[in-house]
A.B. asks: 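Dropping the structure in here first, questions after.
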Amino acid sequence: MRLEHTSVLLNRCIAVLSTSLENKGEPVLVDATLGLGGHSLALLEKFPNLRIIGIDRDKSAIDKASQRLASHLDRITIFHAVYDQTPKLLDSLGIWAVDGILFDLGTSSMQLGQSERGFSYAQSAPLDMRMDQSSGITAQEVLDNYSRGDLIRIIRQYGEERFAQRIVDNIIAERTTGSIKSTSDLAELIKRSIPAPARRLGGNPAKRTFQALRIEVNQELATLERAIPLCLERLNLGGRMVVMSFQSLEDKIVKKIFAQATQSKTPVGLPVEIKALSAKFSLVFSGSQKASDAEILENSRAKSVRLRAIERVAA
Ligand SMILES: C[S@@+](CC[C@H](N)C(=O)[O-])C[C@H]1O[C@@H](n2cnc3c(N)ncnc32)[C@H](O)[C@@H]1O
């Protein structure tokens, strides 16, 4: 099958997760963002006794991953679901805790390449942007129905767009005439809204607003913020979680939650650490790792990746 997504930092993910997967009878890992199953496939091949629970909210990703992983279906259980449902899915399988959890966030190259999904400003398509096309609101509905204030907040906050107000004023003026109907209509409106000198910097001017709409449509940040603590609770002692983020807002959330999880709850000022209040988690390495030049050369998607990892060190 033609590969439409090259897995990012594949060997590095395997290396970080190896510690918690090797020397176990039958380790279990959650691949919370199965995508086209690239990471899962490599992990299943490397660890012959590994069982994977694979999750993706995109039905077309699930279909492709199921085909790609066909020879391993006895060791992988695949769910079409949002990853904040992980605890419920594990409960349904009678599994309390797992040895590894992988989050490879964002969209896959396959999703970006399916122009009809509306993720890309490079081709004209309906303004959908839903990762799960069977539920939720589309980008078109956001643009047509949200208040001026909400649109400004979303584009400013999730897109980190300085010209959010100008863009939104144009959206408000033009949406009454029904003239924003496609990704190219929106990209053109954004271009017109950004002053020419600013347009020459920082790549395509539509990038930030498209990112903001995609985050809103899929509730990406709120879901991540809910999912990470829930999933941490489901790690076995010695189990590891690896998260790869591709934009700073996601990475900030992961950094904050990992910092809280690795902090002792012993009140500041007490002379001794209270064991029961010690941190249950420890960072596998401090800060985040970036891709090397060689990894970026191999896969340009790796350019913006930030990889963080955490291990459960106490029950
Ligand atoms: C970067 S791709 C994963 C690629 C995969 N690791 C591979 O090697 O093929 C991210 C995937 O996560 C899925 N996804 C994003 N947010 C999700 C969420 N909240 N719940 C479940 N799946 C999600 C997307 O639909 C996409 O298929």
Side-chain angles (χ1 to χ4, degrees), residues 1-14 16-17 29-46 52-69 72 76-90 100-114 117-120 128-136 158 211 214-231 241-247 249-251 253-254 291 295 298-307:
M1 109 188 234
R2 192 171 73 84
L3 285 187
E4 294 167 276
H5 179 86
T6 309
S7 303
V8 174
L9 303 188
L10 185 60
N11 292 330
R12 225 183 295 189
C13 284
I14 295 178
V16 176
L17 289 165
L29 173 130
V30 172
D31 184 347
T33 50
L34 183 65
L36 297 210
H39 287 96
S40 278
L41 180 61
L43 286 160
L44 287 165
E45 283 172 351
K46 167 102 181 161
I52 291 187
I53 320 301
I55 301 168
D56 205 293
R57 71 194 303 183
D58 184 335
K59 188 73 178 62
S60 68
I62 295 277
D63 293 344
K64 297 241 176 192
S66 304
Q67 276 179 42
R68 191 174 180 197
L69 296 164
H72 297 285
I76 182 160
T77 310
I78 297 177
F79 288 102
H80 178 222
V82 179
Y83 53 52
D84 62 354
Q85 297 302 305
T86 301
K88 274 194 198 146
L89 302 176
L90 291 177
I101 305 181
L102 173 64
F103 286 87
D104 175 14
L105 300 173
T107 43
S108 67
S109 310
M110 178 195 78
Q111 289 167 325
L112 294 173
Q114 292 171 328
R117 307 281 300 265
F119 290 117
S120 166
D128 189 325
M129 300 197 195
R130 288 171 302 168
M131 287 188 192
D132 178 0
Q133 290 186 291
S134 64
S135 70
Y158 301 161
Q211 171 180 300
R214 198 198 78 207
I215 290 176
E216 175 63 18
V217 163
N218 297 290
Q219 291 294 299
E220 290 178 32
L221 302 181
T223 310
L224 183 66
E225 214 159 7
R226 257 194 320 272
I228 300 277
L230 290 172
C231 288
M241 177 189 285
V242 170
V243 186
M244 287 191 282
S245 312
F246 293 83
Q247 41 103 341
L249 299 167
E250 284 171 344
D251 187 51
I253 290 174
V254 180
E295 283 163 327
E298 204 176 290
N299 183 0
S300 62
R301 257 195 103 241
K303 211 166 165 181
S304 53
V305 72
R306 295 289 177 276
L307 184 149

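Note that these values count all heavy atoms, side chains included, but never hydrogens, waters or copies made by symmetry. For ligands, and for the atoms within them, numbers begin at 1 and follow the listed sequence.
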A.B. asks: What are the atom names and distances for all N or O pairs under 3.5 Å between ligand 1 and the protein?
C.D. replies:
| from | atom 1 | to | atom 2 | distance (Å) |
| --- | --- | --- | --- | --- |
| ligand 1 | 6 (N) | His39 | ND1 | 2.8 |
| ligand 1 | 6 (N) | Asp104 | OD2 | 2.8 |
| ligand 1 | 8 (O) | Ser7 | OG | 2.5 |
| ligand 1 | 8 (O) | Gly38 | N | 3.3 |
| ligand 1 | 8 (O) | His39 | N | 3.3 |
| ligand 1 | 8 (O) | His39 | ND1 | 3.1 |
| ligand 1 | 9 (O) | Leu36 | N | 3.0 |
| ligand 1 | 9 (O) | Gly37 | N | 3.3 |
| ligand 1 | 9 (O) | Gly38 | N | 3.1 |
| ligand 1 | 20 (N) | Tyr83 | N | 2.9 |
| ligand 1 | 22 (N) | Arg57 | N | 3.2 |
| ligand 1 | 25 (O) | Asp56 | OD1 | 2.7 |
| ligand 1 | 25 (O) | Gln111 | NE2 | 2.8 |
| ligand 1 | 27 (O) | Asp56 | OD1 | 3.4 |
| ligand 1 | 27 (O) | Asp56 | OD2 | 2.7 |

A.B. asks: CG of Leu9 to CZ of Arg301: how many Å apart, nearest 0.5 Å?
C.D. replies: 10.0 Å

A.B. asks: For residues 101-108, which side-chain donor-acceptor pairs fall under 3.5 Å, sequence neighbours excluded?
C.D. replies:
| from | atom 1 | to | atom 2 | distance (Å) |
| --- | --- | --- | --- | --- |
| Ser108 | OG | Met110 | N | 3.4 |
| Ser108 | OG | Gln111 | N | 3.2 |

A.B. asks: Begin from the C-alpha positions of Thr6 and Asn299 and carry the test side chain to side chain donor-acceptor pair (under 3.5 Å) through to its verdict.
C.D. replies: CA-CA 7 Å; Thr6 309; Asn299 183 0; 4.9 Å; no

A.B. asks: Looking only at side chains, do Arg214 and Gln211 share a donor and an acceptor under 3.5 Å apart?
C.D. replies: no

A.B. asks: Under 6.0 Å from the ring centre and within 45 degrees of the ring axis: does the NZ or CZ of Arg57 meet both conditions for the six-membered ring of Tyr83?
C.D. replies: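 Not satisfied by the 6.0 Å and 45° rule.
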
A.B. asks: Please determine whether a side-chain nitrogen of the Lys or Arg among Arg130 and Asp128 lies less than 4.0 Å from a carboxylate oxygen of the Asp or Glu.
C.D. replies: yes

